[in-house]
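All chains are named by letter (A, B, ...) in the order of the sequence lines, taking the proteins before the strands, and each is independently numbered beginning at 1. The shown structure was predicted, so the numbers you read here are calculated from the model rather than taken from an experiment.
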Protein chains: 2
Amino acid sequence: MTSPDTPSAQPASRRIAQALRSAIERGELSAGDKLPSERVLAEQYGAARNTAREAVRLLAEQGLVTARHGRGVFVRAPQRLFRFGSDRYSRKNRETGLTPFRLEAQRQGKTARIEVLGITREVPPPDIAERLKVPSDDESVVHRENHYFADDDPVQIVSTYLRWDEAQGTLLMQPKTGPHGIYGRLEELGHTMTRVRDEISARMPTPREAALLDLPPGVPVLEVLHTSLDQELEPFEVSRYVHRADRTGLLYELPVE
Amino acid sequence: MTSPDTPSAQPASRRIAQALRSAIERGELSAGDKLPSERVLAEQYGAARNTAREAVRLLAEQGLVTARHGRGVFVRAPQRLFRFGSDRYSRKNRETGLTPFRLEAQRQGKTARIEVLGITREVPPPDIAERLKVPSDDESVVHRENHYFADDDPVQIVSTYLRWDEAQGTLLMQPKTGPHGIYGRLEELGHTMTRVRDEISARMPTPREAALLDLPPGVPVLEVLHTSLDQELEPFEVSRYVHRADRTGLLYELPVE
DNA sequence: AAGTGGTCTAGACCACGTA
DNA sequence: ACGTGGTCTAGACCACTTA
(Lines give C-alpha, C1' and ligand atoms only; values in the text may rest on other atoms or scores of the structure.)
Protein backbone atom coordinates (compact mmCIF):
# COMPACT_ATOMS: atom_id res chain seq x y z
CA MET A 1 0.00 0.00 0.00
CA THR A 2 1.24 3.47 -0.78
CA SER A 3 -0.08 5.11 2.34
CA PRO A 4 -1.93 3.78 5.37
CA ASP A 5 -5.41 4.80 4.34
CA THR A 6 -5.56 5.79 0.73
CA PRO A 7 -9.03 5.01 -0.49
CA SER A 8 -6.81 4.06 -3.43
CA ALA A 9 -9.50 4.86 -5.99
CA GLN A 10 -9.15 1.32 -7.28
CA PRO A 11 -11.08 -1.53 -5.64
CA ALA A 12 -8.81 -3.96 -3.82
CA SER A 13 -9.65 -6.78 -6.23
CA ARG A 14 -8.43 -4.71 -9.13
CA ARG A 15 -5.26 -3.70 -7.35
CA ILE A 16 -4.46 -7.33 -6.68
CA ALA A 17 -5.24 -8.21 -10.29
CA GLN A 18 -3.01 -5.42 -11.49
CA ALA A 19 -0.15 -6.57 -9.27
CA LEU A 20 -0.40 -10.07 -10.68
CA ARG A 21 -0.74 -8.75 -14.22
CA SER A 22 2.44 -6.74 -13.80
CA ALA A 23 4.27 -9.75 -12.41
CA ILE A 24 3.26 -11.69 -15.49
CA GLU A 25 4.29 -8.91 -17.84
CA ARG A 26 7.61 -8.46 -16.07
CA GLY A 27 8.22 -12.16 -16.48
CA GLU A 28 8.28 -12.90 -12.75
CA LEU A 29 5.49 -15.29 -13.51
CA SER A 30 5.79 -16.98 -16.86
CA ALA A 31 3.63 -19.30 -18.88
CA GLY A 32 2.74 -22.42 -16.95
CA ASP A 33 3.67 -20.99 -13.55
CA LYS A 34 1.29 -21.38 -10.66
CA LEU A 35 -0.07 -18.30 -8.95
CA PRO A 36 -0.18 -18.17 -5.16
CA SER A 37 -3.36 -19.81 -3.94
CA GLU A 38 -6.40 -17.66 -3.33
CA ARG A 39 -6.00 -18.05 0.40
CA VAL A 40 -2.36 -16.99 0.27
CA LEU A 41 -3.15 -14.00 -1.96
CA ALA A 42 -5.87 -12.93 0.45
CA GLU A 43 -3.44 -13.03 3.35
CA GLN A 44 -0.66 -11.27 1.41
CA TYR A 45 -2.92 -8.39 0.50
CA GLY A 46 -4.87 -8.31 3.74
CA ALA A 47 -8.15 -9.08 2.05
CA ALA A 48 -10.86 -11.70 2.26
CA ARG A 49 -10.51 -14.77 0.13
CA ASN A 50 -13.47 -13.71 -2.03
CA THR A 51 -11.62 -10.53 -2.88
CA ALA A 52 -8.50 -12.36 -3.96
CA ARG A 53 -10.76 -14.71 -5.87
CA GLU A 54 -12.36 -11.78 -7.68
CA ALA A 55 -8.89 -10.60 -8.71
CA VAL A 56 -8.12 -14.01 -10.19
CA ARG A 57 -11.46 -13.96 -12.00
CA LEU A 58 -10.56 -10.66 -13.63
CA LEU A 59 -7.34 -12.14 -14.97
CA ALA A 60 -9.12 -15.27 -16.16
CA GLU A 61 -11.72 -13.15 -17.92
CA GLN A 62 -8.92 -11.43 -19.75
CA GLY A 63 -7.47 -14.76 -20.77
CA LEU A 64 -4.21 -14.40 -18.86
CA VAL A 65 -4.64 -17.29 -16.44
CA THR A 66 -6.65 -20.48 -16.14
CA ALA A 67 -7.92 -21.98 -12.91
CA ARG A 68 -7.73 -25.73 -12.52
CA HIS A 69 -9.87 -27.29 -9.86
CA GLY A 70 -7.86 -28.88 -7.10
CA ARG A 71 -4.56 -27.84 -8.64
CA GLY A 72 -4.26 -24.08 -8.73
CA VAL A 73 -4.31 -21.11 -11.04
CA PHE A 74 -1.78 -21.07 -13.84
CA VAL A 75 -0.43 -18.48 -16.24
CA ARG A 76 -1.78 -19.41 -19.62
CA ALA A 77 0.71 -20.22 -22.34
CA PRO A 78 0.17 -18.25 -25.51
CA GLN A 79 -1.27 -20.91 -27.76
CA ARG A 80 0.20 -21.61 -31.10
CA LEU A 81 -2.50 -20.88 -33.55
CA PHE A 82 -4.17 -23.06 -36.01
CA ARG A 83 -4.40 -20.96 -39.12
CA PHE A 84 -7.22 -21.21 -41.58
CA GLY A 85 -8.43 -18.94 -44.25
CA SER A 86 -8.57 -18.34 -47.91
CA ASP A 87 -6.57 -21.42 -48.83
CA ARG A 88 -8.82 -23.64 -46.76
CA TYR A 89 -10.82 -24.19 -49.92
CA SER A 90 -8.15 -24.24 -52.60
CA ARG A 91 -8.11 -27.13 -55.03
CA LYS A 92 -4.36 -27.46 -54.63
CA ASN A 93 -4.83 -28.31 -50.98
CA ARG A 94 -7.64 -30.66 -51.76
CA GLU A 95 -5.47 -32.65 -54.10
CA THR A 96 -2.90 -33.50 -51.49
CA GLY A 97 -5.59 -35.66 -49.97
CA LEU A 98 -4.98 -33.93 -46.67
CA THR A 99 -7.68 -31.70 -45.32
CA PRO A 100 -6.57 -28.23 -44.19
CA PHE A 101 -7.12 -29.35 -40.63
CA ARG A 102 -4.84 -32.34 -40.96
CA LEU A 103 -2.21 -30.16 -42.62
CA GLU A 104 -2.28 -27.72 -39.74
CA ALA A 105 -2.12 -30.45 -37.14
CA GLN A 106 0.81 -32.01 -38.96
CA ARG A 107 2.59 -28.67 -39.07
CA GLN A 108 2.34 -28.55 -35.30
CA GLY A 109 3.35 -32.15 -34.77
CA LYS A 110 -0.04 -33.02 -33.42
CA THR A 111 -2.39 -35.85 -34.22
CA ALA A 112 -5.61 -34.87 -35.91
CA ARG A 113 -8.81 -36.70 -35.17
CA ILE A 114 -12.15 -36.02 -36.75
CA GLU A 115 -15.34 -37.30 -35.23
CA VAL A 116 -18.51 -37.47 -37.27
CA LEU A 117 -21.30 -36.63 -34.86
CA GLY A 118 -24.18 -37.01 -37.16
CA ILE A 119 -25.42 -36.98 -40.75
CA THR A 120 -29.08 -36.18 -40.70
CA ARG A 121 -31.81 -34.76 -42.86
CA GLU A 122 -33.08 -31.59 -41.23
CA VAL A 123 -34.99 -28.36 -41.43
CA PRO A 124 -32.24 -25.78 -41.91
CA PRO A 125 -31.76 -22.86 -39.51
CA PRO A 126 -32.88 -19.58 -41.13
CA ASP A 127 -29.38 -18.18 -41.71
CA ILE A 128 -28.33 -21.39 -43.46
CA ALA A 129 -31.51 -21.60 -45.56
CA GLU A 130 -31.06 -18.06 -46.74
CA ARG A 131 -27.49 -18.65 -47.87
CA LEU A 132 -28.06 -22.05 -49.45
CA LYS A 133 -31.24 -20.77 -51.12
CA VAL A 134 -33.45 -23.56 -49.85
CA PRO A 135 -36.79 -23.38 -48.01
CA SER A 136 -36.50 -23.12 -44.24
CA ASP A 137 -39.89 -24.73 -43.59
CA ASP A 138 -38.94 -28.09 -45.01
CA GLU A 139 -36.41 -30.86 -44.41
CA SER A 140 -34.47 -29.53 -47.35
CA VAL A 141 -30.92 -30.11 -46.17
CA VAL A 142 -28.49 -32.69 -44.95
CA HIS A 143 -26.59 -31.61 -41.87
CA ARG A 144 -23.17 -33.15 -41.26
CA GLU A 145 -21.73 -32.29 -37.86
CA ASN A 146 -18.04 -32.93 -37.28
CA HIS A 147 -15.80 -32.31 -34.31
CA TYR A 148 -12.11 -31.78 -34.80
CA PHE A 149 -9.44 -32.66 -32.25
CA ALA A 150 -5.69 -32.11 -32.08
CA ASP A 151 -4.03 -34.57 -29.70
CA ASP A 152 -7.52 -35.18 -28.29
CA ASP A 153 -8.05 -31.49 -27.49
CA PRO A 154 -11.17 -30.18 -29.19
CA VAL A 155 -10.39 -27.35 -31.60
CA GLN A 156 -13.38 -26.74 -33.79
CA ILE A 157 -16.95 -27.76 -34.46
CA VAL A 158 -18.14 -27.77 -38.06
CA SER A 159 -21.67 -28.08 -39.33
CA THR A 160 -21.93 -28.57 -43.06
CA TYR A 161 -25.23 -28.20 -44.87
CA LEU A 162 -25.95 -29.65 -48.33
CA ARG A 163 -29.12 -29.84 -50.40
CA TRP A 164 -31.06 -32.97 -49.59
CA ASP A 165 -32.10 -33.45 -53.21
CA GLU A 166 -28.46 -33.61 -54.25
CA ALA A 167 -27.01 -35.55 -51.34
CA GLN A 168 -29.74 -38.16 -51.15
CA GLY A 169 -28.41 -41.64 -51.84
CA THR A 170 -24.82 -40.50 -52.49
CA LEU A 171 -21.59 -40.78 -50.53
CA LEU A 172 -22.46 -37.33 -49.13
CA MET A 173 -24.72 -39.20 -46.71
CA GLN A 174 -21.88 -41.42 -45.53
CA PRO A 175 -19.17 -40.72 -42.94
CA LYS A 176 -16.49 -41.50 -45.53
CA THR A 177 -17.14 -39.35 -48.56
CA GLY A 178 -14.42 -40.73 -50.82
CA PRO A 179 -11.49 -39.06 -52.60
CA HIS A 180 -11.14 -35.30 -52.01
CA GLY A 181 -14.00 -35.37 -49.54
CA ILE A 182 -17.33 -33.70 -50.00
CA TYR A 183 -15.95 -31.22 -52.51
CA GLY A 184 -14.86 -34.13 -54.68
CA ARG A 185 -18.42 -35.50 -54.69
CA LEU A 186 -19.96 -32.08 -55.22
CA GLU A 187 -17.71 -31.54 -58.22
CA GLU A 188 -19.02 -34.78 -59.73
CA LEU A 189 -22.49 -33.34 -59.26
CA GLY A 190 -21.48 -30.40 -61.43
CA HIS A 191 -20.46 -27.84 -58.80
CA THR A 192 -17.04 -26.36 -59.37
CA MET A 193 -16.10 -24.11 -56.49
CA THR A 194 -15.52 -20.73 -58.03
CA ARG A 195 -15.96 -18.26 -55.21
CA VAL A 196 -16.35 -18.44 -51.47
CA ARG A 197 -17.97 -16.06 -49.04
CA ASP A 198 -16.92 -16.19 -45.40
CA GLU A 199 -18.81 -14.21 -42.78
CA ILE A 200 -16.82 -13.93 -39.58
CA SER A 201 -17.92 -13.00 -36.10
CA ALA A 202 -16.72 -13.49 -32.55
CA ARG A 203 -18.75 -14.04 -29.41
CA MET A 204 -18.72 -15.85 -26.12
CA PRO A 205 -19.60 -19.53 -26.42
CA THR A 206 -22.98 -20.98 -25.58
CA PRO A 207 -22.86 -23.42 -22.66
CA ARG A 208 -23.03 -26.30 -25.13
CA GLU A 209 -20.08 -24.98 -27.10
CA ALA A 210 -18.11 -24.33 -23.92
CA ALA A 211 -18.60 -27.95 -22.94
CA LEU A 212 -17.89 -29.41 -26.39
CA LEU A 213 -14.75 -27.34 -26.89
CA ASP A 214 -13.66 -27.71 -23.27
CA LEU A 215 -13.30 -23.94 -23.10
CA PRO A 216 -11.83 -22.28 -20.02
CA PRO A 217 -13.79 -19.22 -18.91
CA GLY A 218 -12.85 -16.07 -20.77
CA VAL A 219 -12.13 -17.66 -24.13
CA PRO A 220 -14.36 -16.48 -26.98
CA VAL A 221 -15.22 -18.39 -30.12
CA LEU A 222 -14.69 -17.40 -33.72
CA GLU A 223 -17.64 -18.26 -35.93
CA VAL A 224 -17.25 -18.50 -39.67
CA LEU A 225 -20.33 -18.87 -41.83
CA HIS A 226 -18.97 -20.17 -45.09
CA THR A 227 -20.74 -20.31 -48.44
CA SER A 228 -19.33 -22.08 -51.52
CA LEU A 229 -20.46 -20.73 -54.90
CA ASP A 230 -20.20 -22.72 -58.11
CA GLN A 231 -19.37 -21.70 -61.69
CA GLU A 232 -22.82 -20.11 -62.00
CA LEU A 233 -22.33 -18.33 -58.68
CA GLU A 234 -25.02 -20.46 -57.13
CA PRO A 235 -24.48 -21.59 -53.54
CA PHE A 236 -24.10 -25.35 -53.19
CA GLU A 237 -22.67 -25.77 -49.68
CA VAL A 238 -22.84 -23.80 -46.46
CA SER A 239 -20.83 -24.54 -43.34
CA ARG A 240 -20.71 -23.07 -39.87
CA TYR A 241 -17.29 -23.29 -38.24
CA VAL A 242 -17.01 -22.64 -34.52
CA HIS A 243 -13.38 -22.29 -33.44
CA ARG A 244 -11.71 -21.85 -30.08
CA ALA A 245 -10.42 -18.31 -30.43
CA ASP A 246 -7.36 -18.99 -28.31
CA ARG A 247 -6.16 -21.64 -30.71
CA THR A 248 -7.31 -20.27 -34.01
CA GLY A 249 -6.25 -17.54 -36.33
CA LEU A 250 -7.79 -16.88 -39.70
CA LEU A 251 -5.76 -15.76 -42.67
CA TYR A 252 -7.27 -14.23 -45.77
CA GLU A 253 -5.10 -13.35 -48.70
CA LEU A 254 -6.83 -11.87 -51.66
CA PRO A 255 -6.34 -9.77 -54.74
CA VAL A 256 -7.68 -6.22 -54.74
CA GLU A 257 -10.37 -5.37 -57.29
CA MET B 1 -37.46 -26.89 -6.80
CA THR B 2 -38.41 -30.33 -7.99
CA SER B 3 -38.20 -32.03 -4.61
CA PRO B 4 -37.46 -30.74 -1.13
CA ASP B 5 -33.85 -31.78 -0.98
CA THR B 6 -32.54 -32.73 -4.40
CA PRO B 7 -28.83 -31.97 -4.44
CA SER B 8 -29.90 -30.89 -7.94
CA ALA B 9 -26.47 -31.65 -9.38
CA GLN B 10 -26.36 -28.10 -10.71
CA PRO B 11 -25.12 -25.30 -8.44
CA ALA B 12 -27.89 -22.92 -7.45
CA SER B 13 -26.27 -20.04 -9.35
CA ARG B 14 -26.40 -22.03 -12.56
CA ARG B 15 -29.98 -23.07 -12.00
CA ILE B 16 -30.99 -19.45 -11.56
CA ALA B 17 -29.02 -18.49 -14.65
CA GLN B 18 -30.70 -21.26 -16.62
CA ALA B 19 -34.15 -20.14 -15.51
CA LEU B 20 -33.42 -16.60 -16.65
CA ARG B 21 -31.89 -17.82 -19.89
CA SER B 22 -35.02 -19.83 -20.63
CA ALA B 23 -37.20 -16.83 -19.89
CA ILE B 24 -35.21 -14.83 -22.39
CA GLU B 25 -35.37 -17.56 -25.02
CA ARG B 26 -39.09 -18.04 -24.52
CA GLY B 27 -39.55 -14.33 -25.01
CA GLU B 28 -40.89 -13.66 -21.52
CA LEU B 29 -38.01 -11.27 -21.22
CA SER B 30 -37.14 -9.50 -24.41
CA ALA B 31 -34.41 -7.14 -25.53
CA GLY B 32 -34.24 -4.08 -23.31
CA ASP B 33 -36.29 -5.58 -20.48
CA LYS B 34 -35.07 -5.28 -16.95
CA LEU B 35 -34.36 -8.42 -14.95
CA PRO B 36 -35.57 -8.65 -11.34
CA SER B 37 -33.01 -7.05 -9.05
CA GLU B 38 -30.35 -9.24 -7.47
CA ARG B 39 -32.04 -8.92 -4.10
CA VAL B 40 -35.38 -9.97 -5.52
CA LEU B 41 -33.87 -12.90 -7.40
CA ALA B 42 -32.15 -14.05 -4.24
CA GLU B 43 -35.43 -14.04 -2.36
CA GLN B 44 -37.37 -15.71 -5.18
CA TYR B 45 -34.92 -18.59 -5.34
CA GLY B 46 -34.21 -18.75 -1.62
CA ALA B 47 -30.53 -17.95 -2.06
CA ALA B 48 -28.07 -15.36 -0.85
CA ARG B 49 -27.68 -12.22 -2.88
CA ASN B 50 -24.17 -13.25 -3.94
CA THR B 51 -25.58 -16.41 -5.45
CA ALA B 52 -28.17 -14.54 -7.49
CA ARG B 53 -25.39 -12.15 -8.45
CA GLU B 54 -23.25 -15.03 -9.67
CA ALA B 55 -26.15 -16.17 -11.85
CA VAL B 56 -26.36 -12.73 -13.43
CA ARG B 57 -22.61 -12.75 -13.97
CA LEU B 58 -22.88 -16.01 -15.89
CA LEU B 59 -25.44 -14.48 -18.22
CA ALA B 60 -23.37 -11.32 -18.67
CA GLU B 61 -20.30 -13.43 -19.47
CA GLN B 62 -22.29 -15.09 -22.19
CA GLY B 63 -23.31 -11.73 -23.57
CA LEU B 64 -27.02 -12.10 -22.91
CA VAL B 65 -27.47 -9.27 -20.41
CA THR B 66 -25.71 -6.08 -19.36
CA ALA B 67 -25.64 -4.67 -15.86
CA ARG B 68 -25.96 -0.93 -15.46
CA HIS B 69 -24.88 0.53 -12.17
CA GLY B 70 -27.73 2.02 -10.21
CA ARG B 71 -30.28 1.06 -12.83
CA GLY B 72 -30.52 -2.67 -13.14
CA VAL B 73 -29.67 -5.59 -15.37
CA PHE B 74 -31.07 -5.54 -18.88
CA VAL B 75 -31.49 -8.04 -21.66
CA ARG B 76 -29.07 -7.05 -24.36
CA ALA B 77 -30.46 -6.23 -27.77
CA PRO B 78 -28.82 -8.12 -30.60
CA GLN B 79 -26.70 -5.46 -32.24
CA ARG B 80 -26.89 -4.79 -35.89
CA LEU B 81 -23.50 -5.52 -37.29
CA PHE B 82 -21.08 -3.30 -38.99
CA ARG B 83 -19.75 -5.34 -41.85
CA PHE B 84 -16.25 -5.03 -43.13
CA GLY B 85 -14.15 -7.26 -45.24
CA SER B 86 -12.66 -7.83 -48.59
CA ASP B 87 -14.21 -4.76 -50.14
CA ARG B 88 -12.88 -2.54 -47.38
CA TYR B 89 -9.86 -1.94 -49.57
CA SER B 90 -11.37 -1.87 -53.04
CA ARG B 91 -10.53 1.04 -55.28
CA LYS B 92 -14.17 1.37 -56.26
CA ASN B 93 -15.08 2.17 -52.70
CA ARG B 94 -12.19 4.52 -52.37
CA GLU B 95 -13.38 6.56 -55.30
CA THR B 96 -16.71 7.38 -53.77
CA GLY B 97 -14.76 9.49 -51.34
CA LEU B 98 -16.54 7.71 -48.52
CA THR B 99 -14.50 5.47 -46.33
CA PRO B 100 -15.96 2.01 -45.72
CA PHE B 101 -16.71 3.07 -42.16
CA ARG B 102 -18.74 6.07 -43.26
CA LEU B 103 -20.60 3.90 -45.77
CA GLU B 104 -21.55 1.43 -43.08
CA ALA B 105 -22.64 4.12 -40.67
CA GLN B 106 -24.74 5.70 -43.38
CA ARG B 107 -26.36 2.37 -44.19
CA GLN B 108 -27.47 2.19 -40.57
CA GLY B 109 -28.59 5.77 -40.37
CA LYS B 110 -25.90 6.64 -37.89
CA THR B 111 -23.44 9.47 -37.76
CA ALA B 112 -19.80 8.54 -38.23
CA ARG B 113 -17.09 10.35 -36.37
CA ILE B 114 -13.40 9.70 -36.65
CA GLU B 115 -10.98 10.94 -34.06
CA VAL B 116 -7.28 11.13 -34.82
CA LEU B 117 -5.55 10.26 -31.58
CA GLY B 118 -2.02 10.68 -32.68
CA ILE B 119 0.43 10.70 -35.58
CA THR B 120 3.84 9.89 -34.22
CA ARG B 121 7.16 8.50 -35.27
CA GLU B 122 7.76 5.29 -33.33
CA VAL B 123 9.62 2.07 -32.86
CA PRO B 124 7.23 -0.50 -34.34
CA PRO B 125 5.93 -3.47 -32.31
CA PRO B 126 7.58 -6.72 -33.47
CA ASP B 127 4.53 -8.10 -35.29
CA ILE B 128 4.18 -4.88 -37.26
CA ALA B 129 7.90 -4.62 -38.06
CA GLU B 130 7.94 -8.16 -39.37
CA ARG B 131 5.01 -7.57 -41.69
CA LEU B 132 6.10 -4.14 -42.92
CA LYS B 133 9.67 -5.40 -43.36
CA VAL B 134 11.25 -2.62 -41.32
CA PRO B 135 13.70 -2.83 -38.40
CA SER B 136 12.05 -3.13 -35.00
CA ASP B 137 14.97 -1.54 -33.14
CA ASP B 138 14.61 1.83 -34.77
CA GLU B 139 12.01 4.60 -35.10
CA SER B 140 11.28 3.30 -38.54
CA VAL B 141 7.54 3.87 -38.72
CA VAL B 142 4.82 6.45 -38.43
CA HIS B 143 1.95 5.32 -36.27
CA ARG B 144 -1.47 6.87 -36.92
CA GLU B 145 -4.03 5.96 -34.28
CA ASN B 146 -7.69 6.60 -35.06
CA HIS B 147 -10.85 5.93 -33.11
CA TYR B 148 -14.13 5.42 -34.89
CA PHE B 149 -17.54 6.25 -33.46
CA ALA B 150 -21.11 5.68 -34.64
CA ASP B 151 -23.50 8.13 -32.98
CA ASP B 152 -20.76 8.73 -30.41
CA ASP B 153 -20.54 5.04 -29.51
CA PRO B 154 -17.02 3.74 -30.00
CA VAL B 155 -16.89 0.95 -32.57
CA GLN B 156 -13.29 0.36 -33.56
CA ILE B 157 -9.71 1.39 -32.89
CA VAL B 158 -7.31 1.44 -35.82
CA SER B 159 -3.55 1.77 -35.72
CA THR B 160 -1.96 2.32 -39.11
CA TYR B 161 1.78 1.96 -39.60
CA LEU B 162 3.70 3.45 -42.53
CA ARG B 163 7.40 3.64 -43.33
CA TRP B 164 8.90 6.75 -41.83
CA ASP B 165 11.19 7.29 -44.82
CA GLU B 166 8.17 7.48 -47.10
CA ALA B 167 5.76 9.38 -44.90
CA GLN B 168 8.22 12.01 -43.70
CA GLY B 169 7.22 15.47 -44.80
CA THR B 170 4.11 14.35 -46.70
CA LEU B 171 0.40 14.61 -46.05
CA LEU B 172 0.71 11.17 -44.47
CA MET B 173 1.93 12.98 -41.38
CA GLN B 174 -1.16 15.19 -41.28
CA PRO B 175 -4.61 14.47 -39.87
CA LYS B 176 -6.20 15.27 -43.23
CA THR B 177 -4.47 13.16 -45.83
CA GLY B 178 -6.21 14.55 -48.90
CA PRO B 179 -8.29 12.93 -51.64
CA HIS B 180 -8.83 9.16 -51.25
CA GLY B 181 -7.03 9.20 -47.93
CA ILE B 182 -3.76 7.54 -47.19
CA TYR B 183 -4.14 5.08 -50.03
CA GLY B 184 -4.36 8.01 -52.42
CA ARG B 185 -1.04 9.38 -51.14
CA LEU B 186 0.61 5.96 -51.11
CA GLU B 187 -0.42 5.46 -54.73
CA GLU B 188 1.34 8.72 -55.62
CA LEU B 189 4.41 7.26 -53.95
CA GLY B 190 4.27 4.35 -56.37
CA HIS B 191 2.38 1.79 -54.31
CA THR B 192 -0.61 0.30 -56.11
CA MET B 193 -2.50 -1.97 -53.79
CA THR B 194 -2.49 -5.34 -55.47
CA ARG B 195 -3.10 -7.84 -52.73
CA VAL B 196 -4.08 -7.69 -49.09
CA ARG B 197 -3.45 -10.13 -46.28
CA ASP B 198 -5.75 -10.02 -43.27
CA GLU B 199 -4.93 -12.04 -40.17
CA ILE B 200 -7.93 -12.37 -37.91
CA SER B 201 -8.16 -13.35 -34.29
CA ALA B 202 -10.54 -12.91 -31.40
CA ARG B 203 -9.77 -12.42 -27.74
CA MET B 204 -10.98 -10.66 -24.65
CA PRO B 205 -10.04 -6.97 -24.56
CA THR B 206 -7.19 -5.53 -22.57
CA PRO B 207 -8.36 -3.14 -19.84
CA ARG B 208 -7.34 -0.20 -22.05
CA GLU B 209 -9.40 -1.50 -24.96
CA ALA B 210 -12.36 -2.21 -22.68
CA ALA B 211 -12.27 1.41 -21.55
CA LEU B 212 -11.73 2.92 -25.00
CA LEU B 213 -14.44 0.85 -26.61
CA ASP B 214 -16.76 1.18 -23.61
CA LEU B 215 -17.14 -2.59 -23.64
CA PRO B 216 -19.59 -4.29 -21.31
CA PRO B 217 -18.14 -7.38 -19.62
CA GLY B 218 -18.34 -10.49 -21.73
CA VAL B 219 -17.85 -8.86 -25.10
CA PRO B 220 -14.75 -10.00 -26.99
CA VAL B 221 -12.83 -8.04 -29.60
CA LEU B 222 -12.03 -8.98 -33.16
CA GLU B 223 -8.49 -8.09 -34.15
CA VAL B 224 -7.51 -7.78 -37.79
CA LEU B 225 -3.86 -7.39 -38.67
CA HIS B 226 -3.96 -6.05 -42.18
CA THR B 227 -1.08 -5.87 -44.67
CA SER B 228 -1.28 -4.07 -48.02
CA LEU B 229 0.99 -5.38 -50.77
CA ASP B 230 1.91 -3.35 -53.84
CA GLN B 231 2.46 -4.32 -57.47
CA GLU B 232 5.77 -5.92 -56.52
CA LEU B 233 4.11 -7.74 -53.64
CA GLU B 234 6.08 -5.61 -51.20
CA PRO B 235 4.25 -4.54 -48.03
CA PHE B 236 3.76 -0.78 -47.78
CA GLU B 237 1.15 -0.40 -45.05
CA VAL B 238 0.14 -2.41 -42.01
CA SER B 239 -2.87 -1.71 -39.81
CA ARG B 240 -4.23 -3.22 -36.67
CA TYR B 241 -8.00 -3.03 -36.36
CA VAL B 242 -9.61 -3.73 -32.99
CA HIS B 243 -13.38 -4.09 -33.30
CA ARG B 244 -16.13 -4.60 -30.77
CA ALA B 245 -17.19 -8.12 -31.60
CA ASP B 246 -20.82 -7.46 -30.70
CA ARG B 247 -21.08 -4.78 -33.34
CA THR B 248 -18.83 -6.10 -36.04
CA GLY B 249 -18.99 -8.79 -38.64
CA LEU B 250 -16.34 -9.39 -41.25
CA LEU B 251 -17.15 -10.47 -44.76
CA TYR B 252 -14.62 -11.94 -47.14
CA GLU B 253 -15.56 -12.79 -50.67
CA LEU B 254 -12.86 -14.25 -52.81
CA PRO B 255 -12.20 -16.31 -55.91
CA VAL B 256 -10.93 -19.87 -55.50
CA GLU B 257 -7.52 -20.68 -56.98
C1' DA C 1 -34.79 8.94 -0.13
C1' DA C 2 -35.03 4.67 -2.09
C1' DG C 3 -33.53 1.22 -5.11
C1' DT C 4 -29.99 -0.55 -7.95
C1' DG C 5 -25.52 -2.82 -8.91
C1' DG C 6 -20.31 -2.93 -7.11
C1' DT C 7 -17.39 -4.37 -3.62
C1' DC C 8 -16.08 -6.56 0.52
C1' DT C 9 -15.89 -9.54 4.86
C1' DA C 10 -15.42 -13.87 7.50
C1' DG C 11 -16.72 -17.48 7.76
C1' DA C 12 -18.54 -22.58 5.78
C1' DC C 13 -18.78 -26.93 3.13
C1' DC C 14 -17.99 -29.43 -1.25
C1' DA C 15 -15.28 -31.49 -5.26
C1' DC C 16 -11.04 -32.38 -7.24
C1' DG C 17 -6.00 -33.68 -7.52
C1' DT C 18 -1.82 -35.03 -5.53
C1' DA C 19 1.13 -37.00 -2.36
C1' DA D 1 -4.69 -36.26 4.44
C1' DC D 2 -4.17 -32.00 2.67
C1' DG D 3 -4.23 -28.13 -0.32
C1' DT D 4 -6.57 -26.40 -4.15
C1' DG D 5 -10.44 -24.04 -6.50
C1' DG D 6 -15.95 -23.95 -6.62
C1' DT D 7 -19.91 -22.57 -4.31
C1' DC D 8 -22.57 -20.48 -0.80
C1' DT D 9 -24.27 -17.60 3.27
C1' DA D 10 -25.62 -13.37 5.74
C1' DG D 11 -24.51 -9.74 6.51
C1' DA D 12 -22.15 -4.60 5.39
C1' DC D 13 -20.98 -0.18 3.09
C1' DC D 14 -20.23 2.38 -1.25
C1' DA D 15 -21.47 4.48 -5.90
C1' DC D 16 -24.79 5.48 -9.13
C1' DT D 17 -29.55 6.59 -10.87
C1' DT D 18 -34.17 7.96 -10.53
C1' DA D 19 -37.88 10.00 -8.34
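A cation-pi geometry, defined here as NZ or CZ lying under 6.0 Å from the six-membered ring centre and within 45° of its normal, does not hold between Arg240(A) and Tyr161(A).
No side-chain N or O of Thr160(B) forms a donor-acceptor pair with one of His143(B) less than 3.5 Å apart. For the residue pair Gln18(A) / Arg15(A), no side-chain donor-acceptor distance below 3.5 Å is found, with atom types taken as modelled. Side-chain N/O atoms of Asp198(B) and Tyr241(B) include no donor and acceptor closer than 3.5 Å.
Between Arg21(B) and Glu28(B), no side-chain nitrogen of the basic residue sits less than 4.0 Å from a carboxylate oxygen of the acidic one, so the salt-bridge criterion is not met. One finds no salt bridge joining Asp153(A) and Arg244(A) here, because no Lys/Arg side-chain nitrogen approaches an Asp/Glu carboxylate oxygen to under 4.0 Å.
If you check residues 50-65 of chain A against DNA chain D, the residues with a heavy atom closer than 4.0 Å are Asn50(A), Arg53(A), listed by number.
When each of Gly46(A) and His69(B) is assigned the nucleotide of DNA chain C with its nearest heavy atom, His69(B) is the one assigned upstream, toward the 5' end.
His147(A) pairs by the ring-ring contact (aromatic ring centres under 6.0 Å, His included) definition with nothing, not counting sequence neighbours.
Among the protein residues, Arg39(B) comes within range of the nucleic acid bases, having at least one heavy atom under 4.0 Å from a base atom. Note on Arg49(B): a base of the nucleic acid sits closer than 4.0 angstrom, heavy atoms only.
dC14(C) atom P lies 18 Å from atom CZ of Arg14(B), rounded to whole Å.
Of all nucleotides in DNA chain D having an atom under 4.0 Å from a heavy atom of chain A, the first and last in 5' to 3' order are dG3(D) to dT9(D).
Other residues, nucleotides and ligands place more than 12 heavy atoms under 6.0 Å from the CZ atom of Arg26(B).
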